[in-house]
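Notes follow once the structure below has been shown.
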Amino acid sequence: MAGLYHLTRLNDRWFWLDEPLVSVFVERWHLETHTFHMPFGECTITLQDMAYQLGLPVDGRYVSGCLTDFQIYIQGGRPAWVWFQELLGVIPPPSQVQKFAVNCTWFQKTFGECPEGADEETVRRFAPRLEEMGTYSWGSAALAWLNRCMCRVVNRHVVKLAGPLQLLQSWIFWRFPRFRPVRWSGYNPSGSDKGPRVQMWRLRIDMLQDRDFIWMPYSFHEVLQVVHPEVLEPRHTAMWQSVTSLIYFVVIEWHQIDRILP
């Protein structure tokens, strides 16, 4: 109902992040065009990649919005923790709050499992409405967030990269066969000698040619066998070549597919 089933199936097939490899690709990211500048031209992650690799819907309502009846809450200058108490029925301890953010571990521990026999109000606090979640374009939201994170880390003063980085690494494996391991599932690169490995990946990228990039990696029969049929419906595939905005709350990035079509 939420459209996230395929994503949950990836948990036991995922891999560890190869930080030197990802870092070298981020060095090739240009925030003006939202593309990786390679020796053979430009390339980038698209909505088609989101659909095939994560099985996320790429059309539907954008993931954004505001607090319902916001004007009611701002009257009288009510503190944010009063809202928190009304919405979730509990206030986190000070040790679980960092500035204006609450630790995710506290949320997982507090709301990880809905108690048996819970009334409707308790269920509302523990669980979202799945039928509504299935109407959102989760794929475009995830791609917008990844693009924004890479644009931020282009700043040399930013040292930590956030976002769905496994998606970036999976895209690298799909598009650049020279960089992919023999076995993706459980791939665990060495955590040592990061400096020399960064230099190695830089050299390999500098030597890339257009034949080292796969323009249509999802046309193989083995791929089509495991893709959810809904991903291939025309209402979804029509979005893959659209030059449009990707929205995730206040994050708005462009899907500039026209820059990288062969």
Side-chain angles (χ1 to χ4, degrees), residues 2-19 21-22 24-26 28-29 34-36 38 42-60 63 133-134 136-150 161-189 212-242 244 246-248 251 253-257 259-262:
L4 305 177
Y5 172 69
H6 182 74
L7 186 63
T8 63
R9 293 175 57 209
L10 296 177
N11 288 338
D12 58 348
R13 299 177 177 87
W14 219 225
F15 41 77
W16 292 92
L17 194 67
D18 189 334
E19 294 182 7
L21 175 62
V22 169
V24 170
F25 266 82
V26 171
R28 293 275 180 167
W29 179 259
H34 289 156
T35 56
F36 298 99
M38 296 294 174
E42 296 178 272
C43 56
T44 193
I45 306 173
T46 68
L47 290 175
Q48 182 190 34
D49 297 309
M50 305 299 298
Y52 272 103
Q53 295 193 32
L54 299 184
L56 293 175
V58 297
D59 62 349
V63 181
M133 290 182 63
Y136 288 95
S137 176
W138 296 109
S140 60
L143 184 54
W145 179 234
L146 177 60
N147 287 348
R148 177 60 59 90
C149 290
M150 289 193 291
L161 176 60
L165 301 181
Q166 278 80 6
L167 167 63
L168 172 57
Q169 184 164 305
S170 176
W171 176 82
I172 295 172
F173 290 167
W174 274 101
R175 298 286 184 172
F176 297 87
R178 293 181 59 183
F179 296 164
R180 71 176 58 151
V182 178
R183 292 182 57 87
W184 299 18
S185 180
Y187 172 64
N188 190 2
D212 298 318
F213 182 82
I214 300 180
W215 290 99
M216 300 179 64
Y218 311 121
S219 59
F220 300 104
H221 181 67
E222 295 82 358
V223 176
L224 298 177
Q225 281 185 321
V226 298
V227 173
H228 196 287
E230 185 178 352
V231 171
L232 305 179
E233 292 182 3
R235 63 189 180 96
H236 293 295
T237 59
M239 302 293 296
W240 296 349
Q241 297 188 21
S242 299
T244 184
L246 307 171
I247 300 176
Y248 174 59
V251 175
E253 302 287 350
W254 280 101
H255 185 244
Q256 295 179 295
I257 189 72
R259 297 191 63 92
I260 52 91
L261 286 176

Do the ring planes of F25 and F36 sit parallel (below 30°), tilted (30 to 60°) or perpendicular (above 60°)?
->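 Aromatic pair F25/F36 classed perpendicular.
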
On the 0 to 90° scale, with breaks at 30° and 60°, tag the Y52-Y218 ring pair as parallel, tilted or perpendicular.
->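 Plane angle under 30°, so parallel.
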
Please check this pair: side chain of [X] against backbone of [Y], looking for a donor-acceptor N/O pair closer than 3.5 Å.
{"X": "Q48", "Y": "Q241", "answer": "no"}
{"X": "Q169", "Y": "D18", "answer": "yes"}
{"X": "H255", "Y": "L47", "answer": "yes"}
{"X": "R180", "Y": "I172", "answer": "no"}

Closest heavy-atom contact between [X] and [Y]?
{"X": "M133", "Y": "L4", "result": "CE-CD1, 4.0 Å"}
{"X": "A142", "Y": "P164", "result": "O-CG, 3.9 Å"}
{"X": "P217", "Y": "W174", "result": "O-CZ3, 3.5 Å"}

Looking at [atom1] of [X] and [atom2] of [Y], how far apart are the two atoms once the value is rounded to the nearest 0.5 Å?
{"X": "H236", "Y": "L56", "atom1": "NE2", "atom2": "CG", "result": "11.0 Å"}
{"X": "T46", "Y": "H34", "atom1": "OG1", "atom2": "NE2", "result": "14.5 Å"}
{"X": "S170", "Y": "D49", "atom1": "OG", "atom2": "CG", "result": "8.5 Å"}
{"X": "M150", "Y": "E253", "atom1": "CE", "atom2": "CD", "result": "9.0 Å"}
{"X": "T244", "Y": "M239", "atom1": "OG1", "atom2": "CE", "result": "5.5 Å"}
{"X": "Y136", "Y": "D59", "atom1": "OH", "atom2": "CG", "result": "14.5 Å"}

Out of L246, L146, L143, which residue meets the side-chain contact (heavy atoms from CB on, under 4.5 Å) rule with M50?
->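 Looking at L246, L146, L143, the match for M50 under the side-chain contact (heavy atoms from CB on, under 4.5 Å) is L143.
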
State yes or no: are the ring centers of F179 and F173 separated by less than 6.0 Å?
->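 No, too far apart.
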
Sequence neighbours excluded, which residues qualify as side chain to side chain contact (heavy atoms under 4.5 Å, CB included) partners of R178?
->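 Side chain to side chain contact (heavy atoms under 4.5 Å, CB included) check on R178 returns L208, D212.
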
Qualifying residues under side chain to side chain contact (heavy atoms under 4.5 Å, CB included), relative to E42, sequence neighbours excluded =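 Side chain to side chain contact (heavy atoms under 4.5 Å, CB included) list for E42, sorted by chain: T33, T35, H37, R259, I260.
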
Does the side-chain contact (heavy atoms from CB on, under 4.5 Å) test come out yes or no for W16 and Y187, once each step is laid out?
-> CA-CA 6 Å; W16 292 92; Y187 172 64; 5.9 Å; no

Contact list for residues 138-147, test side chain to side chain donor-acceptor pair (under 3.5 Å), sequence neighbours left out |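 Counting only pairs at least two positions apart or across chains, the side chain to side chain donor-acceptor pair (under 3.5 Å) contacts touching residues 138-147 are S137-S140.
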
